[in-house]
Amino acid sequence: MSEASKSSGLREARAFAPASVANVAVGFDLLGYAVAGVGDTVTVRRIDEPEVRIAAIRGAAVELPREAASNTAGAALIALREGLGLPFGFEIEIDKGIPLSSGMGGSAASCVAALVAANALLDVPLSREQLYVYSLDGEAVASGSRHGDNLGPMFLGGLVLSTLERLVPVPVPAAWHSLLVHPDALLETRRARAALQGTYELREFVAQSTHLALVLAGCHAGDAGLVRAGLADVLIEPRRASLIVGFDAAKQAALDAGAMGASISGAGPSIFAWFETREAAEAAAQNVQVAFASPGFGSQVWVTPLNSPGATLLQS
């Protein structure tokens, strides 16, 4: 059943948006993929008052903004209301399932889930690509800039190249899997972005562009050799790695286990690695966890296909 067909007469809807791995080493603010098994759930009610309000936030380890304009989900629905000139408003309840400041797209997930749920309440629902425009306003609340590397894959699923204007799905072989390991540590996105200030050499940009091209070509061709040659971040990772205790050892553990490549998930501190099979990803997980355990961090692990699904409407 389409989202449009579910919208008629509804006053309340719930949606789930998965976590994501953003940047993917070589596509800073552009490339990301969905991660199955963990995410945020948002309930949205259509109200007569022409406003957006947040009724509840559950599951967060710290207090999150309840003022709609300062919350990613609230800001996204404010943008939707204003963009469409809606005469009605929305009330939101957020159930967090993604660890905060984890580099797993937690702020984006609330934003996307809110938009997908609200879309089911519209008289004329929008496409996922149309919703994406409004999600950029929500993401900007959390990170301070408009970028869609988390948002795109949450809307469409799988690996997605997200510019400010469009979403471009990138095909990957069904057998390829992601290992995502989240150490029990926090790294705020704004702090991680601050570490990127400074000058860069032209040769760094050329190398990073080369790597991005190799990864995209490898995904389209199903050529793991091309991905292995390109899945290495020479631009961002060197400036952020020191913020993540245990990162170097964790990355090396993944590479030693046969990963096509490994790097920081989003702003960190989580780490991701790509493998050609689920079995290889699962076999590597313990060694990566041991690397984080050495400096005293427990960790959580997810092994999922690179073409995992995006946001979904839930039965009320």
Side-chain angles (χ1 to χ4, degrees), residues 15 17-24 27-34 39-40 42 44 51-54 57 60 62-86 89-90 92 94 96 98-119 126-156 160-168 186-197 236 240 264-268 310-311:
S20 65
V21 168
N23 301 331
V24 197
F28 181 72
D29 279 2
L30 291 171
L31 195 62
Y33 62 92
D40 287 359
V42 177
V44 178
E51 64 180 7
V52 175
R53 61 185 184 231
I54 298 176
I57 302 175
V62 299
E63 186 173 351
L64 297 178
R66 290 283 294 270
E67 180 184 357
S70 300
N71 182 285
T72 58
L77 294 197
I78 289 172
L80 179 70
R81 279 201 69 255
E82 294 177 349
L84 299 181
L86 299 177
F90 301 105
I92 309 168
I94 302 170
K96 298 295 295 181
I98 300 174
L100 298 177
S101 299
S102 62
M104 295 168 58
S107 59
S110 293
C111 166
V112 170
L115 283 167
V116 170
N119 193 47
L126 306 178
S127 68
R128 293 286 173 101
E129 289 78 5
Q130 290 172 311
L131 291 176
Y132 170 66
V133 175
Y134 302 111
S135 71
L136 291 167
D137 289 316
E139 178 68 0
V141 170
S143 65
S145 67
R146 292 166 60 86
H147 56 274
D149 48 350
N150 282 307
L151 302 165
M154 290 179 183
F155 278 118
L156 301 186
V160 179
L161 183 69
S162 306
T163 73
L164 294 180
E165 296 79 25
R166 58 178 54 87
L167 301 177
V168 183
L186 301 177
L187 179 53
E188 293 183 356
T189 300
R190 290 178 185 266
R191 180 185 173 207
R193 293 186 82 86
L196 304 182
Q197 296 178 359
I236 306 302
R240 284 181 168 171
I264 302 168
S265 175

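Positions are given from 1, in the same order as the sequence printed here.
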- [ ] Could you pull out the closest heavy-atom pair between Ala73 and Ala114, with the gap in Å?
- [x] CB-CB, 3.8 Å
Open item on the list: Side chains of Pro99 and Met104, heavy atoms from C-beta outward: is any pair under 4.5 Å?
Closed with: yes
Open item on the list: Evaluate Val160 against Met154 for side-chain contact (heavy atoms from CB on, under 4.5 Å), listing each step before the verdict.
Closed with: CA-CA 9 Å; Val160 179; Met154 290 179 183; over 6 Å; no
Task: Leu196 side, atom CG; Arg240 side, atom CZ - distance, nearest 0.5 Å - done: 4.5 Å
Open item on the list: As an exercise, state the distance from CG of Leu151 to OG of Ser107, rounded to the nearest 0.5 Å.
Closed with: 8.0 Å
TODO: Mind running side-chain contact (heavy atoms from CB on, under 4.5 Å) on Leu167 and Ser162 for me, showing each step along the way?
DONE: CA-CA 5 Å; Leu167 301 177; Ser162 306; 3.5 Å; yes
Task: Check: Arg128 side chain, Phe155 main-chain N or O, donor-acceptor pair, under 3.5 Å - done: yes
- [ ] Please report the closest heavy-atom contact between Ile92 and Gly74, naming both atoms and the distance.
- [x] CD1-CA, 3.9 Å
Task: For the student: nearest non-hydrogen atoms of Asp40 and Ser110, plus distance - done: OD2-OG, 2.7 Å
Open item on the list: Using 0.5 Å steps for rounding, measure from the CD1 atom of Ile236 to the CD1 atom of Ile264.
Closed with: 9.0 Å
Open item on the list: The test is side-chain contact (heavy atoms from CB on, under 4.5 Å); show your working for Ile54 and Leu64 and say whether it passes.
Closed with: CA-CA 11 Å; Ile54 298 176; Leu64 297 178; over 6 Å; no
TODO: Pick out which of Asn71, Asp137, Val52, Thr72 makes a side-chain contact (heavy atoms from CB on, under 4.5 Å) with Leu77.
DONE: Val52
Open item on the list: Can you give me the closest heavy-atom contact between Leu31 and Val24, atom names plus distance?
Closed with: O-CG2, 3.5 Å
- [ ] Nearest 0.5 Å please: distance from the CG atom of Asn119 over to the CG atom of Leu131.
- [x] 4.5 Å
Open item on the list: Donor-acceptor pair, distance only, cut-off 3.5 Å: does the side chain of Arg81 make one with the backbone of Phe90?
Closed with: no
Open item on the list: Minimum heavy-atom separation for Ala109 and Ile98, please, with both atom names.
Closed with: CB-CD1, 3.5 Å
Task: Minimal non-hydrogen separation, Ala311 against Val112, with atom names - done: CB-CG1, 3.9 Å
- [ ] Would you please test Arg166 and Glu129 for side-chain contact (heavy atoms from CB on, under 4.5 Å) and show each step?
- [x] CA-CA 7 Å; Arg166 58 178 54 87; Glu129 289 78 5; over 6 Å; no
TODO: Output yes when a side-chain donor or acceptor of Asn23 lies under 3.5 Å from a complementary backbone atom of Asp29, and no otherwise.
DONE: yes
Open item on the list: So does Ala22 get a backbone contact from the side chain of Ser20, meaning a donor-acceptor N/O pair under 3.5 Å?
Closed with: no
